[in-house]
There are 2 protein chains.
Amino acid sequence: MLRLSKKADYALMAMAHLALKPGSASAREIAEKYEIPTELMAKVLQRLARHGLLTSQQGARGGYTLARTATGISVADVIQAIDGPVSVTACSTHGDRCGQFAKCNVRDPLWRISDIIVSALSKTMVSELANDVPAAVERAPIQIAAAPVRA
Amino acid sequence: MLRLSKKADYALMAMAHLALKPGSASAREIAEKYEIPTELMAKVLQRLARHGLLTSQQGARGGYTLARTATGISVADVIQAIDGPVSVTACSTHGDRCGQFAKCNVRDPLWRISDIIVSALSKTMVSELANDVPAAVERAPIQIAAAPVRA
DNA sequence: TAATCTAGGACTTGTGAGGTCGTATATGAG
DNA sequence: CTCATATACGACCTCACAAGTCCTAGATTA
Ligand code: SF4
Ligand code: SF4
């Protein structure tokens, strides 16, 4: 439960890889290194590129590069590029009202929890994935009202 | 993505309902009130009872009651009772090692995020779901190291 | 012009969530 | 006593979606 998709997982691995590696890397290269199905990795990278997180270079000797610096891309960015908006409840996105929407008694509290999660994802940058922070020493506390992140 | 299951959702609604209502309530009663499939609601409640979050009374005029006070049950308790341990990654539980486990470069950072999420869920009590806190005024900040909550 | 790469749609497969059914058992009311 | 109303629980069905495959087109370089 609350698990993120494999594609998103792959995406994060690729981003972390690109954050370290200078220059560009091809889909095949990354896929083989992490034992990810090549075609699937390609698709994931394409999506990241389409969402402006990566820049792509076509043709032989082509590949992908981070579009911004690794400190400027959050894992929330990556996840949302792959899986769409993060939503804890079925009702959170647009008018996706589940059958219980009208009578629901837990909607607001759950949205608040959702904000905490999105906030946590937004504050963790790809750079932190790459050079895995040694000990999470003194990180900024997550404040509830700190996330105006909703879609 | 990162959505919680419908069953968990139903469970939280039921818990919030029971937190308000004095005495006990039957599965059918709750199911009808929130337009939840009766048989499914029953199953969810049974599971909550088996995990010690509810006490059940069989037979006519039977039903369910909160086993503890609403301030003593967290939404993490409820979710875990229904869906098992909260895990952001496929590898988080026991030896559920996905194919990439060996070469994975994002495992640790993701677990840290997972801890933040679990922490948020553990700090929100069923009582807060019930009488939806007026404005989330001054809540304790979520600290990263604050969650020794793993399984 | 052949090899290598991205781009992207169409397709197949597998899994698990959501929901249903059937049956056994407990219990109070009439 | 027995009937209506509950919980208890396993087996089953169904269907959407995640994960993965395949195929074709177009860019780039050696
Ligand atoms: S049950 Fe309530 S919280 Fe869950 S999806 Fe429906 S409206 Fe949203
Ligand atoms: S890819 Fe890494 S983080 Fe994701 S499940 Fe596998 S081991 Fe865990």
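Below, read A as the first sequence line, B as the second, and so on, with proteins coming before strands; counting in each chain starts at 1. What you are looking at is a predicted structure, and each value in this text was computed from that prediction instead of being measured.
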- Task: Report yes or no: is there a donor-acceptor pair, N or O only, under 3.5 Å between the side chain of A:Lys7 and the base of D:dG20?
- Result: no

- Which whole-number value in Å describes the distance from B:Glu39 CD to C:dT23 P? 13 Å

- Integer-rounded Å distance: C:dA24 P and B:Lys43 NZ: 16 Å

- Separation of A:Gln46 atom CD from D:dG26 atom P, in whole Å? 15 Å

- Task: Can you tell me, in whole Å, how much space there is between the P of D:dT28 and that of D:dT24?
- Result: 23 Å

- Message: From CG of B:Leu48 over to P of D:dC9, roughly how many Å is that when rounded to an integer?
- Response: 13 Å

- Report which part of the nucleic acid B:Ala42 touches: base, sugar-phosphate, or nothing (heavy-atom distance under 4.0 Å, all strands). nothing

- Side-chain contact check for B:Ser26: nearest option of C:dT20, D:dC9, D:dT7 is D:dT7

- Provide, to the nearest angstrom, the distance between the CG atom belonging to A:Asp9 and the C1' atom belonging to D:dA18. 13 Å

- Query: For the residue pair B:Met41 and B:Ala14, what are the closest heavy atoms and their distance?
  - Reply: CE-CB, 3.8 Å

- C:dA7 C1' sits how many Å from A:Leu45 CG, rounded? 12 Å

- Task: Using a strict 4.0 Å threshold on nitrogen-to-oxygen distance, state whether A:Glu29 and A:Lys21 make a salt bridge.
- Result: yes

- Whichever of A:Ala8 and A:Gln57 has the more 5' nearest nucleotide on DNA chain D, that residue is A:Ala8

- Task: Counting Watson-Crick and G-U wobble pairs whose two distances are both under 3.5 Å, find the runs of 3 or more in a row that involve DNA chain D.
- Result: C:1-4 with D:27-30, C:6-24 with D:7-25, C:26-30 with D:1-5

